[in-house]
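Residue numbers run from 1 in the order of the sequence given.
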Amino acid sequence: MNIKQSNTDTEIKQRVFFALSDPGRYKIISMLYHVGHEMGCNELNQHVEIDKSTMSYHLRTLREIGITNTRTQGRQKYVSLNIEKIEKLLPGLLKLL
């Protein structure tokens with residue numbers, strides 16, 4: 001999947017909806033929202049039950065559109081929601097998850 005970088009709100013909203021149309025990415029966002037804090041990729045993978053390579057692809061897609069943040073500590077990566085950006089673009093969306 002090749003997602004172009006865009007600056008307009010409408011195009012970003014379209015990319016968010018496209019990303020969330022995939023059941024795996026929807027599960028990731030929902031899990032992160034309901035847990036309420038960042039999660040390690042391994043921990044997230046255990047709860048969402050997606051193949052590791054597929055999980056990596058989904059996390060990259062979500063990070064590229066800016067609705068998740070990823071930080072690295074040693075060999076472990078931690079993922080969190082960019083709640084501020086999601087609420088700015090689509091107020092109330094997270095409450096529907």
To check you understand the geometry: which heavy-atom pair defines the closest contact between [X] and [Y], and what is its length?
X	Y	result
Met55	Ile50	N-CG2, 3.7 Å
Ala19	Leu62	CB-CD2, 4.1 Å
Leu89	Lys13	O-CE, 3.0 Å

- Side chain of Thr68, backbone of Arg63: donor and acceptor closer than 3.5 Å?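 Yes; judged by distance alone, with no hydrogens or angles, the pair exists.
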
- Going by heavy atoms in the side chains, are Phe18 and Arg15 under 4.5 Å from each other?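 They are not in contact (no side-chain heavy atoms under 4.5 Å apart), so the answer is no.
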
Between [atom1] on residue [X] and [atom2] on residue [Y], distance to nearest 0.5 Å:
X	Y	atom1	atom2	answer
Lys77	Leu59	NZ	CG	9.0 Å
Ile67	Ile12	CD1	CD1	11.5 Å
Ile29	Asn82	CD1	CG	10.0 Å
Arg25	Ile65	CZ	CD1	8.0 Å
Asn45	Ser56	CG	OG	10.0 Å

- Task: Please name all residues satisfying side chain to side chain contact (heavy atoms under 4.5 Å, CB included) with Lys88, sequence neighbours left out, ordered by chain then number.
- Result: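 Expected list: none.
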
- Task: Using the side chain to side chain contact (heavy atoms under 4.5 Å, CB included) rule, take Ile86 and Val16 through it: C-alpha gap first, then chi angles, then the decisive distance, then the call.
- Result: CA-CA 9 Å; Ile86 296 170; Val16 170; over 6 Å; no

- Task: Answer yes if Tyr57 and Tyr78 sit in the same cluster of Ile, Leu, Val, Met, Phe, Trp and Tyr residues linked by side chain heavy atoms under 4.5 Å apart, and no otherwise.
- Result: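 No, it is not one cluster - the side chains of Tyr57 and Tyr78 are not joined through contacts under 4.5 Å.
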
Could you list the donor-acceptor pairs under 3.5 angstrom formed by side chains in residues 30-41, with sequence neighbours left out?
unit_1	atom_1	unit_2	atom_2	d
His34	NE2	Leu97	O	3.2
Glu38	OE1	Arg71	NE	3.1
Glu38	OE2	Arg71	NE	3.1
Glu38	OE2	Arg71	NH2	2.5

- Message: Taking side-chain hydrogen bond (donor to acceptor under 3.5 Å, both in side chains) as the definition, give me every residue that meets it alongside Asp22, ordered by chain and number, with sequence neighbours left out.
- Response: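 Once residues adjacent in sequence are excluded, the partners of Asp22 under the side-chain hydrogen bond (donor to acceptor under 3.5 Å, both in side chains) criterion are His58.
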
- Item | Which residues share a side-chain hydrogen bond (donor to acceptor under 3.5 Å, both in side chains) with Asn69, sequence neighbours left out |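 In terms of side-chain hydrogen bond (donor to acceptor under 3.5 Å, both in side chains), with neighbours along the sequence ignored, Asn69 is linked to no residue.
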
- Message: Per the salt bridge (charged side-chain N to carboxylate O under 4.0 Å, His left out) rule, what does the pair list look like for residues 43-56, sequence neighbours excluded?
- Response: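 Sorted pair list comes back empty.
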
- Give every residue pair that meets the salt bridge (charged side-chain N to carboxylate O under 4.0 Å, His left out) criterion with at least one member in residues 26-36, sequence neighbours excluded.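 Checked against salt bridge (charged side-chain N to carboxylate O under 4.0 Å, His left out) - neighbours excluded - no pair reaches residues 26-36.
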
- Only counting residues at least two apart or in another chain, list the ones meeting salt bridge (charged side-chain N to carboxylate O under 4.0 Å, His left out) with Arg75.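 Result, salt bridge (charged side-chain N to carboxylate O under 4.0 Å, His left out) vs Arg75: none returned.
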
